[in-house]
Structure formats: structure tokens, C-alpha cells
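A quick note: this is a predicted structure, and the numbers were derived from the prediction, not measured.
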Amino acid sequence: MNPSPATQDQVTDFTPDVIVVGAGLAGLVATHELAKAGRKVLVLDQENRKNLGGQAWWSLGGLFFVDSPEQRRMGIKDSLELAWQDWQGSASFDRLGDGTSGPGRGEDFWPQQWARAYVEWAHGGKRDYLHDLGLSSLPFVGWAERGDGSADGHGNSVPRFHLTWGTGPEVVRIFAEPVLEAERRGLVRFGFRHQVDELVTSGGAVVGVRGSLLAADDAERGVKSNRDAVDTFEHLATAVVVTSGGIGHNHELMRRNWPTDRVGPAPRHMISGVPAHVDGRMLAITESQGARIVNRDRMWAYVEGVHNWDPVWPDHAIRILPGPSSMWFDANGRRLTGMSGVPGADSIGSMKQILATGHDYSWFILTQSIIEKEFALSGSEQNPDITGKDLKFLLQSRLAKGAPGPVEAFKRHGEDFVVADNLTDLVAGMNSIARGPALDVDEVQRQIEARDRELGNAFGKDVQLMVMANARRSRTDKLIRVAKPHRILDPEHGPLVAVRLNILSRKSLGGLETNLDSQCVAADGSPIPGLYAAGEVAGFGGGGVHGYNALEGTFLGGCIFSGRAAGRALAGS
């Protein structure tokens with residue numbers, strides 16, 4: 001995929017059937033479906049052409065499949081019934097209203113229906129749809145969001161995280177290539193540096209957009225661009241599809257909607273896992289034309305964020321994708337408890353424990369053996385072996401001794417990392433970068449030794465060690481993801497490593513309410529003629545398909561599923 005380097009496109013002599021606002025993944029999918037049906041599509045985006053694919057390009061490319069061939073080859077027994085049980089337990093839909101589609105419906109009325117439809121698609125149809133476009137997955141299946149410890153509660157009962165061979169850029173490519181071909185054939189036109197400021201209506205229907213033409217800006221992908229308006233524009237069509245993304249870099253809007261009563265106070269220090277253009281501005285613009293925003297207080301911020309030592313955008317953060325073996329301490333130096341004290345098990349539960357301290361950060365303490373096997377970093381650029389589809393590089397990076405190069409680079413250069421040969425020096429280094437209380441080395445040592453004593457038997461009562469043992473029953477985890485259990489203070493597994501973990505903004509789980517055709521819904525329950533929404537701006541479907549918790553590997557899939565629904569509905573297929 002080699003899009004043109006043009007940074008600004010003034011659109012003339014083109015009359016579209018549909019206008020798509022946002023050139024991210026959901027917008028590309030909707031455009032692909034429309035172009036397949038011969039419809040003419042105008043795609044507008046406030047960034048330049050280098051940003052084609054939006055946030056998805058930066059992603060790890062994880063996808064949620066149910067009972068896939070990859071799962072079966074790894075000995076994983078999955079089913080639609082088990083996946084739907086996990087989704088319901090995680091989503092905890094509780095805003096259902098009177099159960100009708102009218103004014104008395106709750107905010108979860110459409111999200112629950114989207115959830116059932118999406119899980120069914122993940123079980124049958126999603127994999128074939130993507131593979132027919134040329135996407136393939138690695139044979140290893142990851143186990144993300146392992147759960148809160150209850151069979152019918154939050155979490156994946158089995159591994160379901162399928163990593164795309166090529167990561168996010170490959171997910172983008174399989175849709176961008178046919179869309180760019182449609183552009184060459186005259187069916188698609190892009191208007192980059194077009195900032196939509198208003199939806200045009202006529203007779204109660206949305207019939208177009210107005211906005212500001214921004215000054216040309218040749219900034220690289222993800223780099224913050226100017227907002228200097230040099231002209232205005234207006235374009236009309238029979239329908240508009242809003243696919244403008246979420247609110248992840250708009251920290252003010254995140255804090256305004258933060259669920260303080262549910263997870264604790266909004267963090268004072270927050271770093272951004274998404275580029276600066278993820279500002280949420282189209283939400284209010286669309287709402288002003290009668291669309292309903294639901295589940296504003298649901299968002300998916302991560303607690304394992306580290307400052308990027310080589311940033312692309314302001315406050316650029318990277319998420320550590322941890323295995324389960326690092327010991328997790330809050331800002332006061334107390335070990336996190338229960339399943340939410342196990343890395344990679346229960347994101348929201350971990351957030352509650354961390355914020356309950358009155359501080360907005362926590363700590364991992366681990367060994368060199370753990371970081372070598374268990375640390376992965378989110379993002380396509382942090383995984384050059386998989387992104388570049390380089391098998392030899394992959395084997396060298398993942399199976400050879402030592403941590404993958406990007407992980408080692410963060411260990412050496414990252415401001416959140418401390419490395420020491422003994423616990424006294426490690427805790428001293430942690431205290432030197434703490435934003436809160438100083439840790440007591442004797443208390444930290446007591447907790448580590450208590451955990452280490454549990455390793456004297458093949459069984460025990462420490463929840464984290466039980467999770468580790470269970471994880472190593474998975475072929476993927478035992479081979480490449482979970483270190484062999486060992487004592488943290490065993491010098492043979494050193495040096496010791498500590499990581500200061502920060503709150504990282506990422507996804508908004510609520511958004512524009514839509515029916516199963518991705519058509520926006522008004523307060524009275526009626527669909528708004530000519531107005532559709534897909535992707536994160538629509539809560540990945542319906543205004544919040546994930547409910548309160550995400551099972552991971554479901555964000556790209558939600559963009560694809562909702563964009564596909566919008567495109568097919570408008571194409572009449």
C-alpha cells in the first residue's frame with residue numbers, strides 16, 4: 001500500500017452518493033463496501049494522506065475470533081455459548097430501560113443487540129471475511145483479559161487474541177488497497193485536510209457537510225498537525241457516515257466524563273496512547289443534529305502505560321502487554337490483591353485498586369527472566385518483526401535469549417524503568433522517580449519473600465502463582481509468553497527490574513447510538529435519515545458494544561463490523 005504523498009485535496013467536480021467523515025479503519029471498511037456496490041464515495045479527513053488508516057495503523061493488530069482453526073490447533077476448546085457468556089459477564093449491560101426500541105429504551109438497548117451480533121460474527125463469518133481480503137494470523141493465540149476469577153464474570157475463559165501477521169498496517173492494507181483502486185477508477189475521492197464543522201440538513205434528513213479547509217501540512221503519520229483554516233467547503237450527498245474516532249487525546253473531555261464513582265478519581269497525570277487528532281470533536285457536531293450519545297462514562301484507559309522515550313505525538317505512551325508473573329504494587333508499596341492484582345487479568349479492577357490510593361501510578365517488580373519472556377509492547381512500530389512479516393527476525397527476536405529489541409530499548413532509555421542487582425538499590429531507584437510516597441524496602445522485601453516461599457511446592461494459595469500455573473497449560477503461553485516460575489529474589493534470574501506504570505488513555509467505549517444498520521438514532525428511538533456512524537465514535541457499535549469491559553482484540557473488529565454494516569446498508573446489500 002503506497003498512498004500518494006499529497007497532503008491537501010480540494011474536491012471539485014465530484015458528486016458523491018455518500019460522504020464518509022474519517023479515513024480510519026471504520027471509514028475505509030464502509031467505503032470498501034460502498035465502492036464494491038458501485039457507489040461514489042467522498043472520504044474527508046482533517047489529517048493528511050499519510051494518516052490513512054488512522055489509529056488502526058498504530059495497533060498491534062489483535063483480533064477476537066471464536067472457535068477458530070488457530071485455537072483448535074493449539075488445543076483450545078471454544079464455543080459461541082462460552083464466548084457469549086464471557087461477553088455478557090464482561091459487559092454487564094445494566095442500562096436496558098423498558099426493553100423496547102422507543103423513548104423508554106435504555107442506553108444499553110442497542111449495544112446489547114450489537115454485542116450478540118458481533119460475537120456470532122466472530123464465531124462464524126468474520127475470519128472468512130478477513131482472510132478473503134488477504135489477512136492471516138499467527139498460529140499462536142494469546143490470552144488477554146484473563147478475568148476477575150468468576151466463571152460468569154469478566155474475562156476470557158480461553159485464549160482468543162489472534163495476532164495479525166503484519167499487525168495494524170496489514171489490517172489497514174487489506175481495506176486501503178481496494179479503496180485506493182476504487183479511487184483510481186473514479187468511484188472514491190479523498191478530501192484530506194478537510195475539517196468537518198457542521199452537518200447539513202434538509203427536511204429532517206442529513207444531506208451533507210460543511211467545514212474548514214486546513215492549510216497543507218506535510219507532517220509524518222501521527223505527528224500533530226496545524227489547524228489553520230484557509231478556506232471553507234460544503235459537499236452534499238444522500239447520506240453521511242461519521243467514522244471520526246474517539247476522545248483518547250482529549251484529556252479534558254475524558255476527565256469530564258470520568259466514572260469517578262465507579263473506578264476512582266480521574267488521574268492527574270495521564271499519557272496518550274493515541275495521536276493528537278483523536279479529539280472527539282465530531283461527537284458534539286453530530287449530537288447537535290439530533291443524534292444521541294450514550295454511555296459517555298465508559299472508557300478503556302490502561303494502567304500499564306509507560307512514557308515513550310522516542311515519542312511521535314505529544315505525551316506519547318506505550319502500553320506494556322504483560323504476562324502474569326510480574327509482582328504488582330500500588331504507589332504505597334502494597335501488593336495489588338486478587339485477580340486484578342495479576343497483570344493482564346482485569347484492567348478495570350486494577351484501575352480501582354490503583355486510584356483508591358489517591359495516586360495515579362503503580363509499580364511492577366520483576367526479573368530479567370520475566371522481562372525477556374513476558375514483556376511485549378503495544379503498537380505496530382514496537383513490533384518490527386511481526387509488522388514487517390519477517391519470519392527469521394521473528395524467531396531471532398522472540399525465541400533467542402534476551403528481550404526483544406524494543407523492550408530492551410525501553411529498559412535502557414525509558415524514564416519509567418529502574419534496573420538494579422539488589423532490592424535495596426532497586427527500591428532506591430523507584431523512590432527517585434516516584435510521584436508519591438517513598439517505598440519502604442523492608443516492607444517490599446517482606447511481600448516478595450512471602451510470595452517466593454509459595455514456590456516451595458507445586459501448589460499453594462497465592463492467586464498470582466495459581467494463574468501462572470494455569471497459563472502455562474496453554475501451549476502459546478508456555479512456549480513464548482509465560483516465564484517458568486521462579487523466586488523474584490533469585491540472583492540467577494536477575495537483574496531486578498522495576499517499572500513505574502502510568503494511566504494511559506486509549507478507547508472510549510460509549511458513543512453515538514446506532515441501530516444494527518449503523519444508522520444514528522434520535523432521542524425518540526427513530527433512525528435519523530441520512531446519518532450513520534461506525535467505529536469508535538459509535539462505541540464500536542450501537543453506542544457501546546463492550547459495555548463496561550473489553551475482552552481485547554475487539555476494537556479493530558468492532559470498527560470492521562460496524563463500518564461493514566454501514567456500508568452494506570447504504571449499498572442496499
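Residues satisfying the side chain to side chain donor-acceptor pair (under 3.5 Å) test with Glu513, not counting sequence neighbours, are Arg105, Arg292. With sequence neighbours excluded, the residues satisfying side chain to side chain contact (heavy atoms under 4.5 Å, CB included) with Glu183 are Arg49, Leu180, Val188, Phe190. Considering only residues two or more places apart in sequence or on other chains, Phe140 meets the ring-ring contact (aromatic ring centres under 6.0 Å, His included) condition with none of them. For Arg564, there are no salt bridge (Lys or Arg N to Asp or Glu O under 4.0 Å) partners two or more places apart in sequence or in a different chain. Partners of His251 by side chain to side chain donor-acceptor pair (under 3.5 Å), not counting sequence neighbours, listed by chain and number: Ser272. With sequence neighbours left out, the side chain to side chain contact (heavy atoms under 4.5 Å, CB included) criterion links Ser79 to Glu81, Leu82. Qualifying side chain to side chain donor-acceptor pair (under 3.5 Å) partners for Lys389, counting only residues two or more places apart in sequence or in other chains: Glu170. For Phe364, the ring-ring contact (aromatic ring centres under 6.0 Å, His included) partners two or more places apart in sequence, or in a different chain, are Trp328. Listed by chain and residue number, Tyr302, Glu552 satisfy the side chain to side chain donor-acceptor pair (under 3.5 Å) test with Trp300 (two or more places apart in sequence, or in another chain). In this structure, the salt bridge (Lys or Arg N to Asp or Glu O under 4.0 Å) partners of Arg227, at least two apart in sequence or on a different chain, are Glu47. Every residue meeting the side chain to side chain contact (heavy atoms under 4.5 Å, CB included) condition with Asp390, not counting sequence neighbours, appears here in chain and number order: Lys392, Phe393.
You'll find the ring centres of His249 and His316 outside the 6.0 Å limit. Two rings, from Trp87 and His546, have their centers less than 6.0 Å apart. For Phe161 and Phe64, the gap between ring centers reaches or exceeds 6.0 Å.
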| request: Test Ser380 against Thr167 for side chain to side chain donor-acceptor pair (under 3.5 Å), laying out the working first. | output: CA-CA 6 Å; Ser380 55; Thr167 68; 4.6 Å; no
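By the 6.0 Å and 45° rule, Arg481 does not stack over the aromatic ring of Trp143.
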Atom pairs and distances, side-chain donor-acceptor, residues 150-157, under 3.5 Å, sequence neighbours left out:
residue, atom, partner, partner atom, Å
Ser150, OG, Asp148, OD1, 2.8
Ser150, OG, Gly153, N, 3.2
His154, ND1, Ser90, OG, 2.9
His154, NE2, Glu145, OE1, 2.5
Asn156, OD1, Arg160, NH1, 3.0
Asn156, ND2, Ala144, O, 2.9
Asn156, ND2, Leu551, O, 2.8
Ser157, OG, Asp86, OD1, 2.8
Ser157, OG, Asp86, OD2, 3.1

